[in-house]
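Note sheet for the following structure.
These numbers come from the heavy atoms of this one structure, side chains and all, not from hydrogens, waters or symmetry mates. All residue numbers in this chain count up from 1 along the given sequence.
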Amino acid sequence: MEPYATALSYAIPGFVLLILIEYLVSRWKGISVNEAMDTISSLSSGITDTLRSLTGLAIIIISYDWMVGYIALVEIKSSVLIYILTFIGLDFAGYWSHRFNHTINLFWNRHIIHHSSEEFNLACALRQSISAIISIYFFLYIPLALLGIPANVVALVAPIHLFAQFWYHTQLVNKMGFLEHIIVTPSHHRVHHAINDEYLDKNYAQIFIFWDKWFGTFQEELPDKPPVYGVKKPVNTWNPFYINFVHAWGILKDAWRTKNWWDKIRIWYMPTGWRPNDVKEKYPIQIITDPYNREKYRTESSLFLKLWSWAQLTITLTLLYYMLVSFGDLEFAQIINYAIFLAISIFAYTSLMDRHIIAVYAEVVKIGFGVYLIINNNGWFGMDSIFDGATYLILGYMIISLGLSFYFQLIERKYIHSSAQEIA
């Protein structure tokens with residue numbers, strides 16, 4: 001896990017820099033691609049996925065290492081060929097796992113976070129799932145195992161394959177000529193993220209677009225049909241933890257409410273969005289039928305709250321980065337506790353962005369847990385050795401965070417509502 005933390009310590013600054021460049025170019029071109037709260041939510045979601053990865057929160061049913069040890073039929077000698085086949089094999093598995101996530105009701109919960117943004121930009125690429133903690137697609141790696149591809153090669157190529165999917169989440173790059181026939185381009189992926197009827201469940205490929213063309217799921221971006229982004233059932237929250245489980249929660253409620261016992265069982269594995277008839281009639285939900293006239297999710301956001309939300313994200317990213325560079329010096333229990341603190345922090349400030357009262361309670365939990373960590377570790381995880389007073393700075397941040405949460409939720413919001421009533 002330490003090599004992965006090291007890789008992330010290089011990748012994350014690169015991602016942030018590219019997101020900043022995209023924003024500056026979009027402003028120069030006069031194209032709106034970012035909304036403050038949405039971008040903060042996207043980057044915060046990326047942090048939660050990083051925390052899940054670093055803490056090893058995953059259940060592997062059958063490991064690839066076991067498969068290659070028992071079912072390998074050949075052994076490839078050429079190192080170049082091994083890496084090429086590994087990349088292609090991972091892309092083949094990625095196409096089908098992606099397609100399953102879109103088409104099976106329960107599995108959509110593993111992927112909804114990635115599509116939940118109503119914008120399309122590099123930041124939304126970082127919306128990755130924390131709910132997919134069980135590895136269910138091991139069978140898709142059987143072709144690689146049969147070829148005898150070593151597990152360490154797969155472990156090396158997999159992050160490269162994942163990071164290579166970042167760049168095409170943008171509206172600033174138009175069609176790319178002959179490359180449109182070979183690789184996934186921004187145009188292809190804009191189609192994939194769109195909720196227009198013409199574009200739904202198309203372009204599942206991750207690197208090579210020919211998978212979609214071979215398996216009948218390709219759709220070109222149409223000049224008279226601008227993509228509209230998001231999900232058909234809007235999540236209506238900035239909180240990545242809610243988004244990660246909102247679909248599964250909806251299925252669970254429908255399974256409980258339906259009177260038909262067969263529907264209680266099959267709802268989990270029916271096509272995405274399927275609901276029992278009796279539940280649909282009694283408990284209707286909001287579905288976007290006209291994407292061009294939908295209203296995007298927005299909350300009461302003063303300039304002060306937006307600036308504080310950016311500050312919270314910056315502080316959280318800084319603390320995450322310290323965790324990455326210190327990963328080898330921390331004990332496993334410390335890593336878990338550090339991750340829990342950052343998760344509570346993200347839950348708190350994204351709930352505050354939603355103007356939800358639970359943000360205040362989450363801040364109380366955060367400062368209580370933070371003080372416990374400081375006492376238990378004789379400071380903030382060795383940060384005082386880098387510069388004096390680091391622990392006091394962290395403590396001061398937690399106090400200010402709690403105070404501002406009370407201010408925004410109980411004072412500023414009340415003032416906004418009073419002003420609105422006076423105007424009315």
Problem - Ion pair Glu221/Arg190, N-O distance below 4.0 Å - result: yes

Practice task
Assign the ring pair Phe341 / Phe369 to parallel, tilted or perpendicular, where the plane angle (0 to 90°) is split at 30° and 60°.
Solution key: parallel

Handout entry: Centroid-centroid under 6.0 Å between Trp380 and Tyr338 rings
Key = yes

Exercise for the section: Would you please say whether a donor-acceptor pair under 3.5 Å links the side chains of Ser351 and Asn239? Expected result: yes

Problem - Step-by-step side-chain hydrogen bond (donor to acceptor under 3.5 Å, both in side chains) determination, Asn121 to Glu22 - result: CA-CA 8 Å; Asn121 48 45; Glu22 180 193 38; 5.4 Å; no

Practice task
Would you check if the side chain of His181 reaches a backbone N or O of Gly177 as a donor-acceptor pair within less than 3.5 Å?
Solution key: no

Handout entry: Approximate separation, where rounding is to 0.5 Å, of Asp278 CG and Tyr283 OH
Key = 9.5 Å

Problem - Shortest non-hydrogen separation from Leu8 to Pro13 and the atoms involved - result: O-CD, 4.1 Å

Exercise for the section: May I ask you to check whether His102 and His98 place their ring centres under 6.0 Å from each other? Expected result: yes

Exercise for the section: Taking all non-hydrogen atoms of both residues into account, name the closest pair between Ile335 and Leu54 and its distance. Expected result: CG2-O, 4.3 Å

Exercise for the section: Compare every heavy atom of Asp49 with every heavy atom of Ser129, then report the nearest pair and how far apart it is. Expected result: O-OD1, 3.1 Å

Problem - Under 3.5 Å side-chain donor-acceptor pair for Tyr292 and Asn196 - result: yes

Practice task
Answer yes or no: is there a side-chain heavy-atom contact under 4.5 Å between Ile113 and Thr48?
Solution key: no

Handout entry: Residue pair Gln206 / Leu90: nearest heavy atoms and the distance that separates them
Key = OE1-O, 4.4 Å

Practice task
Working to the nearest 0.5 Å, report the span between OG of Ser301 and CD1 of Ile40.
Solution key: 8.5 Å

Problem - Under 3.5 Å donor-acceptor, Asp65 side chain and Ala151 backbone - result: no

Exercise for the section: Would you please indicate if the ring centroids of Phe92 and Phe208 are separated by under 6.0 Å? Expected result: no

Practice task
Anything under 30° is parallel, anything over 60° is perpendicular, the rest tilted; go ahead and classify His115 against Trp108.
Solution key: tilted

Exercise for the section: Quick one: pull up CG in Leu43 and CZ in Phe15 and give me the separation to the nearest 0.5 Å. Expected result: 11.0 Å

Exercise for the section: Return yes if some donor-acceptor pair links the side-chain N/O of Arg294 with the main-chain N/O of Gly230 below 3.5 Å, else return no. Expected result: no

Exercise for the section: Can you measure from CG (Leu172) to CZ (Phe120) and round to the nearest 0.5 angstrom? Expected result: 10.5 Å

Problem - Residue pair Asp354 / Tyr297, side-chain donor-acceptor N/O under 3.5 Å - result: yes

Problem - Ring-face cation of Lys253 near Trp256 (centre distance under 6.0 Å, axis angle within 45°) - result: no

Handout entry: Under 3.5 Å donor-acceptor, Tyr199 side chain and His193 backbone
Key = no

Problem - Flag for Tyr23-Thr39: side-chain donor and acceptor within less than 3.5 Å - result: no

Problem - Nearest atoms (heavy-atom pairs only) where Leu402 meets Val360 - result: CD1-O, 4.3 Å

Exercise for the section: Of all the heavy-atom pairs spanning Asn377 and Gln334, show the shortest one and how long it is. Expected result: OD1-NE2, 2.9 Å

Handout entry: Separation between CG of Leu81 and OG1 of Thr86, rounded to the nearest 0.5 Å
Key = 9.0 Å

Exercise for the section: Please confirm whether the backbone N or O of Met353 pairs with a side-chain atom of Thr299, one donor and one acceptor, at under 3.5 Å? Expected result: yes

Problem - Pair His247 + His111: ring centers closer than 6.0 Å - result: no

Exercise for the section: Would you please indicate yes or no on a ring centroid separation below 6.0 angstrom for Trp214 and Phe210? Expected result: yes

Handout entry: Parallel, tilted or perpendicular, as decided by the 30° and 60° cut-offs, for the rings of His189 and His114
Key = tilted

Practice task
Establish, for the pair Arg99 and Phe215, whether the NZ or CZ atom is under 6.0 angstrom from the six-membered ring centre and no further than 45 degrees off its axis.
Solution key: no

Exercise for the section: Could you point out which residue of Leu106, Asn260, Val279, Asn105 forms a side chain to side chain contact (heavy atoms under 4.5 Å, CB included) with Ile267? Expected result: Asn105

Exercise for the section: Taking only Lys NZ, Arg NE, NH1 and NH2, and the carboxylate oxygens of Asp or Glu, determine whether Asp263 and Arg257 approach each other closer than 4.0 Å. Expected result: no

Problem - Flag for Arg110-Ser131: side-chain donor and acceptor within less than 3.5 Å - result: no

Handout entry: Counterpart residues, side-chain hydrogen bond (donor to acceptor under 3.5 Å, both in side chains), relative to Ser97 (two or more places apart)
Key = none

Problem - Plane angle bin for Tyr397 and Trp308 - parallel if under 30°, tilted between 30 and 60°, otherwise perpendicular - result: tilted

Handout entry: CD1-CG distance between Ile136 and Asn101, expressed to the nearest 0.5 angstrom
Key = 6.5 Å

Problem - Side-chain (Ser326) to main-chain (Asp329) donor-acceptor, under 3.5 angstrom - result: no

Practice task
Taking the side chain as every heavy atom from C-beta outward, state whether Phe218 and Asn203 have any pair of such atoms under 4.5 Å apart.
Solution key: yes

